[in-house]
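These notes are about the structure you will find just below.
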2 protein chains.
Amino acid sequence: MNTAQNTRDRIIELGRDYMQRIGYHSFNYKQIALELNIKNASIHHYFPSKEDLGLAVIEKDRQDFIYLTQKTKKAKAMDKLQALIASYEYYFREGKKLCVISTFSSSYNEITERMKLAVSQYAELVTVWLAATLKEGLESGEFSFKESVDDLANVWMAMMPGALLVGRTGGKAAFDKTINSLRQTVKSS
Amino acid sequence: MNTAQNTRDRIIELGRDYMQRIGYHSFNYKQIALELNIKNASIHHYFPSKEDLGLAVIEKDRQDFIYLTQKTKKAKAMDKLQALIASYEYYFREGKKLCVISTFSSSYNEITERMKLAVSQYAELVTVWLAATLKEGLESGEFSFKESVDDLANVWMAMMPGALLVGRTGGKAAFDKTINSLRQTVKSS
DNA sequence: ACACAACTACCTATATGCAGGTAGGTATTA
DNA sequence: TAATACCTACCTGCATATAGGTAGTTGTGT
């Protein structure tokens, strides 16, 4: 997904990266202005307010997720889940980042209504996809678990960002353990 | 634990509350100065730097956790876990707060080394207590699960804050579902 | 083919506001 | 009289945002 061609796209990519690392509010225009060799004001040319950039980052990430789901459309259920896990492993490896959803969830009480809506809808989209994928794997006999599909989708939604948080304080070992436990949830009994 | 008598303690309590709601960096001295009817500079009298207050908040929360473990020392394993869960339910109910550990984990890449150490040690303390409690319940026959005690402790460490994050975007229903699934982990087959 | 209008992608300079922090003073209590 | 618990009055730095300008490009009518 790192196909940033023009300045606008590069701002979104860099912005997303910083936000995932240090959070939406700690991130500032100066950092990316410096890296892109443009001025602070030029970022305002593309994104008049910080909220605009925040929304663009959420939308970009949502598009990337949709792309991931389409790319794996014909894969086995486990491979679909593994594709998602892989991106989380990438986040952790590259600077202990959080995912975009948990980044904005962390700042949820201090973002605008439009942003809250955007994150919530994005989170719902992922939840629905997870539930569908779990159901698919269950029906094909690939998975085995006792919880309801919806409940397990919820568990995944909580544990994936949870693993990233735990990994920040507990290091790679803690992160890996959590992800492994997560994989086991579809192979219980 | 809300037994704030003197100004110093009240600053810690209010500081903790704000940090859990909006994060360590978004929180500022003015807010609590206003609520306590003192001036910004007076907070610096007790906590010369923001880091000092951050460390005090972590330490206070750690003490509260230790108090919880001692209060439930002779309780059944499930009641111990339930006591911890209850505080998370309280966090969610009262303003969609995060727990202190996940609050600082969220800001992990932008806090000082001393704070990182304090959070990590605190997280380790909780993990160890969880593992001990899970082991206790398993050996007494109260619990039943197939994972290793350490792995399941890790799952709890990830899912409790995860539930709070999920609850922010998905509302009370999502939070409750996740917590229920968490409870089921000690009763699987 | 050429003049001119309009747009894109930046720039400089500056306003505004706020956050963390300090210096030094006062009032109260032990 | 010394410590404690505040205060007033600042400084500094930085972050978001705006106003207004320039250089180059693209489109359009005659």
Side-chain angles (χ1 to χ4, degrees), chain A residues 3-58 60 103-104 106-107 109-116 118, chain B residues 3-58 60 103-104 106-107 109-116 118:
Chain A
T3 46
Q5 330 75 353
N6 56 49
T7 303
R8 195 193 135 90
D9 288 350
R10 264 181 253 150
I11 292 170
I12 296 176
E13 292 289 1
L14 265 174
R16 171 166 64 172
D17 191 78
Y18 272 111
M19 290 177 199
Q20 289 183 249
R21 272 175 222 277
I22 63 177
Y24 173 71
H25 282 94
S26 291
F27 149 82
N28 65 63
Y29 281 22
K30 214 176 204 171
Q31 298 165 311
I32 51 180
L34 233 111
E35 266 188 72
L36 292 180
N37 262 310
I38 55 174
K39 299 295 159 184
N40 194 312
S42 304
I43 300 170
H44 283 282
H45 169 66
Y46 295 101
F47 305 98
S49 80
K50 201 179 176 182
E51 180 190 11
D52 296 317
L53 180 49
L55 287 167
V57 162
I58 296 167
K60 167 70 174 157
T103 292
F104 285 92
S106 297
S107 306
N109 289 339
E110 32 160 11
I111 57 179
T112 65
E113 286 305 318
R114 291 182 66 201
M115 294 172 83
K116 286 186 189 182
Chain B
T3 47
Q5 331 76 351
N6 55 51
T7 304
R8 196 194 136 89
D9 288 350
R10 262 179 256 151
I11 291 170
I12 295 176
E13 292 289 0
L14 265 175
R16 171 166 63 174
D17 191 78
Y18 271 112
M19 289 178 199
Q20 289 183 248
R21 271 176 223 276
I22 63 176
Y24 172 70
H25 282 94
S26 292
F27 149 82
N28 65 63
Y29 281 23
K30 213 175 204 169
Q31 296 165 313
I32 51 180
L34 234 112
E35 267 189 67
L36 293 179
N37 262 310
I38 57 175
K39 298 296 159 182
N40 191 313
S42 305
I43 300 170
H44 282 282
H45 169 66
Y46 295 100
F47 304 98
S49 82
K50 200 178 177 183
E51 179 190 12
D52 295 318
L53 179 51
L55 287 167
V57 162
I58 295 167
K60 166 71 174 158
T103 293
F104 285 91
S106 297
S107 306
N109 289 341
E110 32 161 10
I111 57 179
T112 64
E113 285 306 317
R114 291 182 65 199
M115 295 172 83
K116 286 185 189 181

Counting C-beta onward and ignoring hydrogens, is there a side-chain heavy-atom pair between [X] and [Y] closer than 4.5 Å?
| X | Y | value |
| --- | --- | --- |
| B:Leu53 | B:Phe27 | yes |
| B:Phe47 | B:Arg8 | yes |
| B:Thr7 | B:His45 | no |

Does [N] have its OP1 or OP2 closer than 4.0 Å to a side-chain nitrogen or oxygen of [X]?
| X | N | value |
| --- | --- | --- |
| A:Ser49 | D:dT16 | no |
| A:Ser42 | C:dC11 | yes |
| A:Tyr46 | C:dC10 | yes |
| B:Thr7 | D:dA5 | no |

Which whole-number value in Å describes the distance from [X] [atom1] to [N] [atom2]?
| X | N | atom1 | atom2 | value |
| --- | --- | --- | --- | --- |
| B:Ile11 | D:dT4 | CD1 | C1' | 14 Å |
| A:Asn28 | C:dC18 | CG | P | 18 Å |
| B:Glu51 | C:dA19 | CD | C1' | 17 Å |
| A:Tyr24 | D:dA15 | OH | P | 14 Å |
| B:Ile43 | D:dT8 | CD1 | P | 14 Å |
| A:Tyr29 | C:dC10 | OH | P | 15 Å |
| A:His44 | D:dG20 | NE2 | P | 17 Å |
| B:Phe47 | C:dT22 | CZ | C1' | 18 Å |

> Of the nucleotides C:dG21, D:dC6, C:dC10, which one has an atom closest to the side chain of A:His45?
Replying inline: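 Closest of the options to the side chain of A:His45: C:dC10.
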>> Taking the minimum atom-to-atom distance to the side chain of A:Ala41, which one of C:dG20, C:dC11, D:dA9 wins?
In response: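 Ranking C:dG20, C:dC11, D:dA9 by closest atom to the A:Ala41 side chain puts C:dC11 first.
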> Would you call A:Arg21-B:Glu110 a salt bridge at under 4.0 Å N-O?
Replying inline: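 Not counted as a salt bridge, because no side-chain N and carboxylate O are separated by less than 4.0 Å.
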> Would you say the side-chain atoms of A:Lys50 pair up with the backbone N or O of A:Tyr24, donor to acceptor, closer than 3.5 Å?
Replying inline: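 Yes, A:Lys50 side chain to A:Tyr24 backbone: donor-acceptor pair under 3.5 Å.
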>> Classify B:Lys39 by what it touches in the nucleic acid, base, sugar-phosphate, or nothing, heavy-atom distance under 4.0 Å.
In response: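 If one applies the 4.0 Å heavy-atom cut-off, B:Lys39 turns out to touch a base.
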>> What contact category does B:Asn37 fall into here, base, sugar-phosphate, or nothing, at under 4.0 angstrom with non-hydrogen atoms?
In response: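 Sugar-phosphate only.
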